[in-house]
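Input: a single structure, listed below in structure tokens.
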Amino acid sequence: MTTRYNVQTTELKWQKIWEDKQSFRATEDAERQKYYVMSMFPYPSGRIHMGHVRNYTLGDVVARVKRMQGFNVLHPMGWDAFGLPAENAARERKVHPAQWTWDNIKTMRGELKRMGLALDWSREVATCDPSYYKHQQKLFQDFLKAGLVYRKESWVNWDPIDNTVLANEQVIDGKGWRSGALVEKRKLAQWFFKITEFADDLLSALATLDRWPEKVRLMQENWIGKSEGAKLRFALAAQPDQPPDQSIEIFTTRPDTLFGASFLALSPNHPLVAELAKKDGKLAAFVAECNRAGTSEVNIETAEKQGYDTGLKARHVFDKDWLLPVYVANFVLMDYGTGAIFGCPAHDQRDLDFVRKYKLPVKPVVLPEGEDPATFSVGDIAYTGPGKAFQSQFLDGLEVEAAKSKAIAEIKQRGLGEGVTQFRLRDWGVSRQRYWGCPIPVIHCESCGVVPVPEKDLPVKLPEDVTFEKPGNPLDHHPTWKHVACPQCGKPARRETDTFDTFVDSSWYYARYCSATNPDKPVDRKQADYWLPVDQYVGGVEHAILHLLYARFIARAMKTTGHLAVSEPFTGLFTQGMICHESYKDENGKWLYPEEIERKPDGSAVHVTTGGKVTIGRVEVMSKSKKNVVDPGKIINAYGADTARLFMLSDSPPERDLEWTESGIDGVWRFLGRLWRMVDDVVDNLPVLGAAKPSAWDEPSLKIRRATHRAIADVSAAFDRFHFNGAVAKTRELGNLLEEQGRSAFAVNGATAFALREGLETLAQLIAPMLPHIAEEMWERLGHADKMLIDTAWPKADPALLVDESVTVAVQVNGKLRATLSLPRNAPPKDIEAAALADPNVQRALNGASPKKVVVVPNKIVNVVA
RNA sequence: GCGGGCGUGGCGGAACUGGUAGACGCAACGGACUUAAAAUCCGUCGGGCGCAAGCCCAUGCCGGUUCAAUUCCGGCCGCCCGCACCA
């Protein structure tokens, strides 16, 4: 009797059973090998989106496969719950950030649970919870003690209307994204994490992360940006109104081109420039102009090289009578190197552009192979290739690399400077003038300076009674919160009102999961040492640099301070692609949601209510602004979690972008129906569980068994390599075969029926990581009321069934396929060759010619060369 | 500008270390069942020629290596991503 598969009831049924049995709760067990799989935790923005569904499905498949393979799996979930959107909501909707955030968490937790994820919810963390950020504050203080944190003045983007610091991304065309005010560069005292302390290690350890995408490692490598060069001092020629013995320190990676120098250039923010600007109004104006334009990315791209001649002259390091003009230039960055450079226009394009504008000399000092030193000159394109030094005194004749070394040796010997390694990576500024973040746990005292909040007073909790009417930081406006007594001297002092960058929160949550409920310390070493590192981390590639680099840094800092044993938090990383969808616009050019349009049979589209013409746009990444989004909640309500999950895994490889289509969802939905019928239609005719195995397998039963074991091998391999679309294809192949066999042959033969039962049970197991609910239901329908499918062991392929006695050998003549032969496995090459040549099609292709050569690859292919 | 990736049917994509190109799915078309529709099932499905056996062309383009190239090498063309005044 055929039953219908009821998605909603079945899915809720199994979710309840898993929850009641605490099936996915993880505990340390020294006897079992652990496997820690983690997906990037979501920001509680309101509802889950398709990106979350994909991310968590991928992680869940890994968790479930590993669990069935016998690993002790930890698969936790939490909330990256601090951040600006909560404060915006507070301003716009008059709802408290905490309220807004916790409400969202509640909604989204429900949505995630409806996905049927194999998560250990007992370890759930939320970064905005004082029980979480208390420990973050403790970590900060440990880092402070260890010298990994410091406070310094630094340049920030300041919005003078909102009275707040803006991140670079929030500055658009030099204006604040919210207020529209011209952004200023301001110097502000900020907290910094000394990430540069680990620059070398963060770089070299990338080589050990062999289960990370090459792309991410390269991006991190470029971000850290190690370069070898030299720092050296240029003495300033005495000026009437300058103190003597002044000098400018520059950084260069091309000390071999020092004899081609035309000028020195200082950053507009260089201390010496500030000094000069005091007496030079024009210079001050120039600096102000640079600072205004400097923040905009568009400006950087198009900005012309601009310089201001200070009138100062610097003496060339190797020739004190050779005077070089000193400019202030808009393209010199204060926070890289020393904030000052020497310009060698012949061998640096940017310097060349600058020099052409200010009419300075261009002297080539590297001679390309085959050029004549007497005639070689540089036009509009600087020469940056290899060659031999010339017009360079003691460097003459040396290749670039040798000349660099020689120049550095010379500089060092003369006491002018030394070779240095320079990193592009800068220390991590973590201060934010925001309310909804983790308070930085220090107190500023007039007499004692910066005093950490004593451990017994942690956490420093956010005050709840704050207002968001005034621009700026609500913590700073709060009437009482910041006024405290100094913990050291007891005098009135001021609490730090900055909060941490939210990237700090997400840089150690993987460690907190190990001891999620421990009230006393951030992590328990025993637990952390058991679980860490994370074996498989899954998330979006947009975090390839910042988040992953910060997490790697914090792990090192935690190791230094004794909290962890590992320095690399994630040994395996997988970055998934984005979800895309067609976009739609109405006649007025306004974006439309997919459900607002209706497709016509001819491919065009109209508005579903007005019937107006709709323009179908490109397929692009789902985004709220373009309204090309589909709500996962609606999909799960209509088709179930299994359908949504399988769609995420089918077709597109997980690292690539995925196009969401309605027809694709229908296809998956149909597959679920087929799976159910496959079992339900035949189950009553199958041999009972535990029936004796047939003594012999006939051809039809062997066919089923071979396919079953082939599928086990292929699907297992596909899962191992993250080829989830391949795993789907292989399970579908097995399904197709079982369906066909089940319809035709099962009733007539005991062996076939037995093989079919085996096949169906295996199929249920193979799809279980992807379709956990229907798999469990199939398993139960197959008679396993005693043991849940998730508690069974992952099937093993029988090697004997993976090899066929006969193989198909392709036969080519001159590289073109002419025939295929069915031959016994491992037939001797001679026999294969003979069979190939005997084939009528091969004979015809040869057309009487005798073969010059025959290449035989046993069990695969024969190529007859005529 | 620097770094990286990718180009395969109408579409998403498969092809492990070079060895039968197009698995699996979507769409489309034809058929069965039905009063009809839905659902389901069967079949066809890169292009061309042929009644057929079969033949020719085909993995962005041009060339190379090889018995054999989607795969390796060189040069173009196109698309995508990351970083970017980093000295």
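Naming convention: chains lettered A, B, ... in sequence-line order (proteins, then strands); numbering from 1 in each chain. Reckoned from all heavy atoms, side chains included, excluding hydrogens, waters and symmetry mates.
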Say you pick atom [atom1] in [N] and the same atom in [M]; how far apart are they, in whole Å?
| N | M | atom1 | answer |
| --- | --- | --- | --- |
| B/C56 | B/C2 | C1' | 46 Å |
| B/U59 | B/A14 | C1' | 12 Å |
| B/G7 | B/U70 | C1' | 11 Å |
| B/A21 | B/C57 | C1' | 14 Å |
| B/G47 | B/U66 | P | 35 Å |
| B/G13 | B/C26 | C1' | 11 Å |
| B/C49 | B/G64 | P | 31 Å |
| B/A37 | B/C24 | P | 30 Å |

Return the pairing partner of [N] with a 3.5 Å limit on both distances, Watson-Crick or G-U wobble; otherwise return none.
| N | answer |
| --- | --- |
| B/G54 | B/C49 |
| B/A28 | B/U44 |
| B/G82 | B/C2 |
| B/C72 | B/G64 |
| B/U17 | none |

Is the [X] ring parallel, tilted or perpendicular to the [Y] ring (thresholds 30°, 60°)?
| X | Y | result |
| --- | --- | --- |
| A/W676 | A/Y5 | tilted |
| A/Y584 | A/H581 | perpendicular |
| A/W428 | A/Y550 | parallel |
| A/F263 | A/F354 | tilted |
| A/F259 | A/F318 | parallel |

Would you tabulate the nitrogen or oxygen pairs shorter than 3.5 Å linking the protein to nucleotides 2-11 of chain B?
none

Base, sugar-phosphate alone, or nothing: which one does [X] contact when heavy atoms must sit under 4.0 Å apart?
| X | result |
| --- | --- |
| A/S652 | sugar-phosphate |
| A/G664 | nothing |
| A/D335 | nothing |
| A/T808 | base |
| A/R424 | base |
| A/V811 | nothing |

Over how many whole Å does the gap from [X] atom [atom1] to [N] atom [atom2] extend?
| X | N | atom1 | atom2 | result |
| --- | --- | --- | --- | --- |
| A/R674 | B/C24 | CZ | C1' | 11 Å |
| A/D380 | B/G1 | CG | P | 15 Å |
| A/K860 | B/G18 | NZ | P | 10 Å |
| A/N736 | B/C24 | CG | C1' | 8 Å |
| A/Y327 | B/C85 | OH | C1' | 18 Å |
| A/M648 | B/G12 | CE | P | 18 Å |
| A/Q576 | B/C81 | CD | C1' | 16 Å |
| A/E620 | B/C79 | CD | C1' | 15 Å |

Check: Do other residues, nucleotides or ligands put more than 12 heavy atoms under 6.0 Å from A/K860 NZ?
Finding: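 Count not over threshold, so no.
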Notebook entry, point to check: Is the number of heavy atoms from other residues, nucleotides or ligands under 6.0 Å of A/M334 CE greater than 12?
Noted result: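 Check passes, neighbour count above 12.
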Nearest of [options] to any side-chain atom of [X]?
| X | options | value |
| --- | --- | --- |
| A/R732 | B/C41, B/G25, B/A87 | B/G25 |
| A/N725 | B/C85, B/A14, B/A87 | B/A14 |
| A/R670 | B/C24, B/C41, B/A27 | B/A27 |
| A/E739 | B/C86, B/C41, B/C85 | B/C41 |

Notebook entry, point to check: Can A/R4 and A/D680 be said to form a salt bridge (charged side-chain N to carboxylate O under 4.0 Å, His left out), step by step?
Noted result: CA-CA 9 Å; A/R4 238 184 101 80; A/D680 195 53; over 6 Å; no
Margin query: Within the 4.0 Å limit for protein heavy atoms, which parts of nucleotides 52-75 of chain B are touched? Write it as a string from 5' to 3', B for base, S for sugar-phosphate only, - for none.
Written below: --SSSS---------BS-------
Check: Is the shortest distance from a Lys or Arg side-chain nitrogen in A/K404 or A/E401 to a carboxylate oxygen in the other one below 4.0 Å?
Finding: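 The answer is yes: the pair qualifies as a salt bridge.
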Checklist line | For B/G9, glycosidic torsion class - syn if within 90° of 0, otherwise anti | finding: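 Syn conformation for B/G9.
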Item checked: Given RNA chain B, 5'-ward residue of the pair A/R721 and A/L658, judged by closest heavy atom ->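 Looking at the nearest nucleotide for each, A/L658 comes out on the 5' side.
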Note to self: Closer than 3.5 angstrom, by distance alone: can the side chain of A/N863 be matched with the main-chain N or O of A/V855 as a donor-acceptor pair?
What the structure shows: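 No, the answer is negative, given that no donor and acceptor are paired below the 3.5 Å cut-off.
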Margin query: Between A/W660 and A/F647, is the ring centroid distance below 6.0 Å?
Written below: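 A/W660 vs A/F647: aromatic centres under 6.0 Å.
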Next item on the list: Can you run down the salt bridge (Lys or Arg N to Asp or Glu O under 4.0 Å) pairs that involve residues 335-354 of chain A, sequence neighbours left out, and say none if there aren't any?
Entry: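 The answer is A/D335-A/R426, A/D348-A/R350.
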